[in-house]
Amino acid sequence: MLKPPPPPPLSSSSSSLTPSPSTVRSSPSSSAVRSAAQCRSNGRIPCPSAILPRRRRSFSSVAVSCLAASPGTNSADLALISKKESANGAAMMTTKMMPLANQLRLGSLTEDGLSYKESFIVRSYEVGINKTATVETIANLLQEVGCNHAQSVGYSTDGFATTPTMRKLHLIWVTARMHIEIYRYPAWSDVIELETWCQPDGRMGTRRDFILKDYANGEVIGRATRVTIINVHIASCCSKWVMMNQDTRRLQRVTSEIHEEYLIHCPKTLRLAFPEGNKSTKKITKLEDPAEYSKLGLVPRRADLDMNQHVNNVTYIGWILESIPQEIIDTHELQSITLDYRRECQHDDIVDSLASSETVDEAETISELKGINGSPTGIKDEEFSQFLHLLRLSSEGSEINRGRTEWRRKPPR
């Protein structure tokens, strides 16, 4: 049987097979391919470790090995490939140094570094009877994006955004007030973008503001704010936080050292999710007995406790809603919720949830109809309901939380 003729030699005189020097310099990848072919045709097959090492190598790194082993290798080609390989390696090394969670999150600091944006997909287990995300889902996402913001600027992951000085002094953040407004609830599989930033709030607390957008069209679908203190919790959209000593469970003032640690990450001028004087700061009067509606004997589950060893602030939202009459749940959806956190709740506490309807202030109703604060327009008085709420210990009647909810009639589906 006749053997096929051998391939013609790859010589410089064979212009049809050998590219010009200028072509080789402008396209090092073609030179790498040719050199790899020469290695194999000349019997100098690269060592397997040069092609299939334990860690996957880029094609250019394999090409460098082949080029180095080939006679007549153009030094300019080799230098160019090596330079590109070094740049790729540096980028890969930088990525590897980042925590895996930071690599996978769909969030990052904004260009000025003073706020943080992250996108989330609404999961099937995060929607309720209306086939839309629940307010607890929104509150949990607000808490998540706030914590991710803190981690992105180097705050601790062993607590809710504790600074080095806070950890040294055994201090934690707790929510003092939370206000959330939802203009349109996202549905299952919708993608929402949350932006958050923080700033000082008095001598004992900070506030964190949030804006929720529909990622598809940029529409603002909600706002929130939370005020926190060094030991008390508030939920999102606008939330207020304070500091508490983790050992004594007593509130603490924010020291100048702690101020300096987080102020560098705050906007230099006041930036609020809601206009000043908005109802997010309106005082909530205490609900007195007898209440119109009640749900008694609520018991915290183990899953309701967070890393600060008390009931998480989002759980209070569910308890508040337990006392809403069913006819409101059937015909209306929550438009806004404001909570004032008065004291901690532990795993062995038993809680009563009380609610009574509240007369809607005419001036506020007109304000809502005009769309002030980004609220939806066209809400008729008869389609709007408002309630005062109280959470208290069943055993002694001590006040845990007081709140206010506003409800609008459900849109047609």
K.L.:
Checking side chain to side chain contact (heavy atoms under 4.5 Å, CB included) for the pair R207/L272: CA distance, chi angles, key distance, verdict?
P.N.:
CA-CA 9 Å; R207 66 175 283 154; L272 303 177; 3.5 Å; yes
K.L.:
Report yes if some heavy atom in the side chain of C198 is under 4.5 Å from a heavy atom in the side chain of Y116; otherwise report no.
P.N.:
no
K.L.:
Any chance you could lay out the side chain to side chain contact (heavy atoms under 4.5 Å, CB included) test for S280 and R223, step after step, and finish with the verdict?
P.N.:
CA-CA 10 Å; S280 63; R223 303 174 195 267; over 6 Å; no
K.L.:
Is the shortest side-chain heavy-atom distance between E144 and L194 below 4.5 Å?
P.N.:
no
K.L.:
Do Q151 and R105 come within less than 4.5 Å of each other through their side chains, counting heavy atoms only?
P.N.:
yes
K.L.:
So R409 and T331, do their side chains get closer than 4.5 Å, heavy atoms only?
P.N.:
yes
K.L.:
A side-chain contact here means heavy atoms from C-beta on lying under 4.5 Å apart; do I329 and W407 qualify?
P.N.:
yes
K.L.:
So, applying salt bridge (Lys or Arg N to Asp or Glu O under 4.0 Å) with R408, which one of E181, E383, E333 is it?
P.N.:
E333
K.L.:
Are the side chain of W197 and the backbone of R271 linked by a donor-acceptor contact shorter than 3.5 Å?
P.N.:
yes
K.L.:
Kindly say whether G297 contributes a backbone atom to a donor-acceptor pair with the side chain of D352 at under 3.5 angstrom?
P.N.:
yes
K.L.:
Starting at CG of L388, measure out to CD1 of I320 and round the result to the nearest 0.5 Å.
P.N.:
10.0 Å
K.L.:
Hey, is CG on L296 packed in by over 12 heavy atoms from elsewhere, all under 6.0 Å?
P.N.:
yes
K.L.:
Charged N to carboxylate O under 4.0 angstrom, K282 versus E406?
P.N.:
no
K.L.:
Do the side chain of R404 and the main chain of K283 share a donor and acceptor less than 3.5 angstrom apart?
P.N.:
yes
K.L.:
So E399 and L390, side chain to side chain contact (heavy atoms under 4.5 Å, CB included) or not? Walk me through it.
P.N.:
CA-CA 7 Å; E399 185 179 18; L390 176 68; 3.5 Å; yes
K.L.:
Just by modelled atom types, is the E292 backbone N or O under 3.5 Å from a matching donor or acceptor in the S356 side chain?
P.N.:
yes
K.L.:
R208 and side chain to side chain donor-acceptor pair (under 3.5 Å): which single residue from H149, Q143, Q199 fits?
P.N.:
H149
K.L.:
When rounded to the nearest 0.5 angstrom, what distance separates CD1 in I400 from CG in L391?
P.N.:
6.0 Å
K.L.:
Quickly, which of N130, V135, I180 forms a side chain to side chain contact (heavy atoms under 4.5 Å, CB included) with L334? Name it, please.
P.N.:
V135
K.L.:
Does the side chain of E126 come under 3.5 Å of the side chain of N140 through a donor N or O and an acceptor N or O?
P.N.:
no
K.L.:
Can you confirm whether E327 is buried at CD, in the sense that more than 12 heavy atoms of other residues, nucleotides or ligands lie under 6.0 Å from that atom?
P.N.:
yes
K.L.:
Nearest 0.5 angstrom please: Q326 CD to I324 CD1, how far?
P.N.:
11.0 Å
K.L.:
In the structure I gave you, are the side-chain heavy atoms of V311 and L305 within less than 4.5 Å of one another anywhere?
P.N.:
yes
K.L.:
Report yes if some heavy atom in the side chain of R392 is under 4.5 Å from a heavy atom in the side chain of D289; otherwise report no.
P.N.:
yes
K.L.:
Checking the side chain of T110 only, and the main-chain atoms of S115 only, is there a donor and an acceptor separated by less than 3.5 Å?
P.N.:
yes
K.L.:
Nearest 0.5 angstrom please: L270 CG to D209 CG, how far?
P.N.:
8.5 Å
K.L.:
Going through the distances and angles, do H389 and T405 end up as a side chain to side chain contact (heavy atoms under 4.5 Å, CB included)?
P.N.:
CA-CA 8 Å; H389 299 269; T405 58; 2.8 Å; yes
K.L.:
S353 side chain to W319 main-chain N or O, any donor-acceptor pair under 3.5 Å?
P.N.:
yes
K.L.:
Under 4.5 Å between any side-chain heavy atoms of I121 and V191, yes or no?
P.N.:
yes
K.L.:
When you look at OH of Y215, are more than 12 heavy atoms from neighbouring residues, nucleotides or ligands closer to it than 6.0 Å?
P.N.:
no
